[in-house]
Amino acid sequence: QVQLAESGGGFVQAGGSLRLSCAASGSTVSFYDMGWYRQAPGKQRELVAEITRGGTTSYADSVKGRFTISRDNAKNTVYLQMNNLKPEDTAVYYCNARATWPRTRDYWGQGTQVTVSS
């Protein structure tokens, strides 16, 4: 079992940057594939970026070239560096940990608000 706590959200103007952090407790992030999701008002939660236990990353098309996900196993923390933010990035961002063995199981943080003004 793992508990996740996001931080680093805030209010930023378009073109600015933020770095989100997801601190894990109760387990280690090295045991999980990790992801960042976001949910804007009236929209479904969508996958923004993910990083596997092996370090392979992937991104939603909307954030490619702007966002970078990384994992620091020693600090038991996952990050999302967000550059060149756009108003469309405004959402609550959630950290996700996915266990794949013996079955798929997801754990979620409480979320952190990111607001990007035009």
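The model shown is predicted, which means the values in this text are computed figures rather than measured ones. All values below were derived from every heavy atom in this structure, side-chain atoms included, with hydrogens, water molecules and symmetry-related copies excluded.
Residues Gln13 and Val116 fail the side-chain proximity criterion, which asks for heavy atoms closer than 4.5 Å. Residues Ser27 and Gln1 form no side-chain contact, since every pair of their non-hydrogen atoms from C-beta on lies 4.5 Å or further apart. With a 4.5 Å cut-off on side-chain heavy atoms, Tyr59 and Thr68 count as touching. Leu85 has its side chain within reach of Leu18: a pair of non-hydrogen atoms, C-beta onward, lies under 4.5 Å apart. Side-chain contact between Leu20 and Glu6 is absent, with no heavy-atom pair separated by less than 4.5 Å. Using a 4.5 Å heavy-atom threshold, the side chains of Trp36 and Cys95 count as touching. Side-chain atoms of Asp89 and Phe67, non-hydrogen and from C-beta on, do get closer than 4.5 Å to each other.
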Subject >> Worked verdict on Thr77 versus Asp72 for side-chain hydrogen bond (donor to acceptor under 3.5 Å, both in side chains) >> reply: CA-CA 5 Å; Thr77 301; Asp72 189 333; over 6 Å; no
Original post:
What do the steps show when you test Trp108 against Gln3 for side chain to side chain contact (heavy atoms under 4.5 Å, CB included), and what is the final call?
Top reply: CA-CA 8 Å; Trp108 298 92; Gln3 293 78 47; over 6 Å; no
Subject >> Residues Asn96, Met34; criterion side chain to side chain contact (heavy atoms under 4.5 Å, CB included); working and verdict >> reply: CA-CA 6 Å; Asn96 167 262; Met34 304 295 297; over 6 Å; no
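In terms of modelled atom types and a separation under 3.5 Å, the side chain of Arg66 and the main chain of Ser62 share a donor-acceptor contact. Side chain of Thr115 to main chain of Thr90: no donor-acceptor pair is present (N/O by atom type, distance under 3.5 Å, no hydrogens or angles).
Atoms OG1 and CG, from Thr28 and Asn73 in turn, are 7.0 Å apart once rounded to the nearest 0.5 Å. Of the inter-residue distances, the one linking Gln81 atom CD with Ser21 atom OG reads 9.5 Å to the nearest 0.5 angstrom. Taken from CG in Leu47 to OH in Tyr37, the straight-line distance is 4.5 Å, to the nearest 0.5 Å.
Residues meeting the side-chain contact (heavy atoms from CB on, under 4.5 Å) test with Ala24, sequence neighbours left out: Val2, Leu4, Val29, Asn76. Ser70 pairs by the side-chain contact (heavy atoms from CB on, under 4.5 Å) definition with Tyr79, not counting sequence neighbours. Under the salt bridge (Lys or Arg N to Asp or Glu O under 4.0 Å) criterion, Asp106 pairs with Arg98, sequence neighbours left out.
Thr52 and Glu50 are not linked by any side-chain donor-acceptor pair at a separation below 3.5 angstrom, with hydrogens and angles left out of the test. Counting only N and O atoms by type, the side chains of Thr100 and Arg53 include a donor and acceptor under 3.5 Å apart.
Under a 4.0 Å N-O distance rule, the pair Asp61/Lys64 qualifies as a salt bridge.
Each of Gln113, Gln39, Arg38 was checked for a side-chain hydrogen bond (donor to acceptor under 3.5 Å, both in side chains) with Tyr93, and the lone residue meeting it is Arg38.
Heavy-atom minimum distance, Ala49 versus Leu80: CB-CD1, 4.0 Å. Ser118 and Ala14 get closest at one heavy-atom pair: CA-CB, 4.4 Å. Closest heavy-atom contact between Asn83 and Ser17: OD1-OG, 2.9 Å. For Ala91 against Ala40, the heavy-atom pair with the smallest separation is CB-N, 3.8 Å.
Val78 and Tyr94 are assigned to two separate hydrophobic clusters, defined by single-linkage of ILVMFWY side chains at heavy-atom distances under 4.5 Å. With hydrophobic clusters built from ILVMFWY side chains whose heavy atoms lie under 4.5 angstrom apart, Tyr107 does not share a cluster with Val92.
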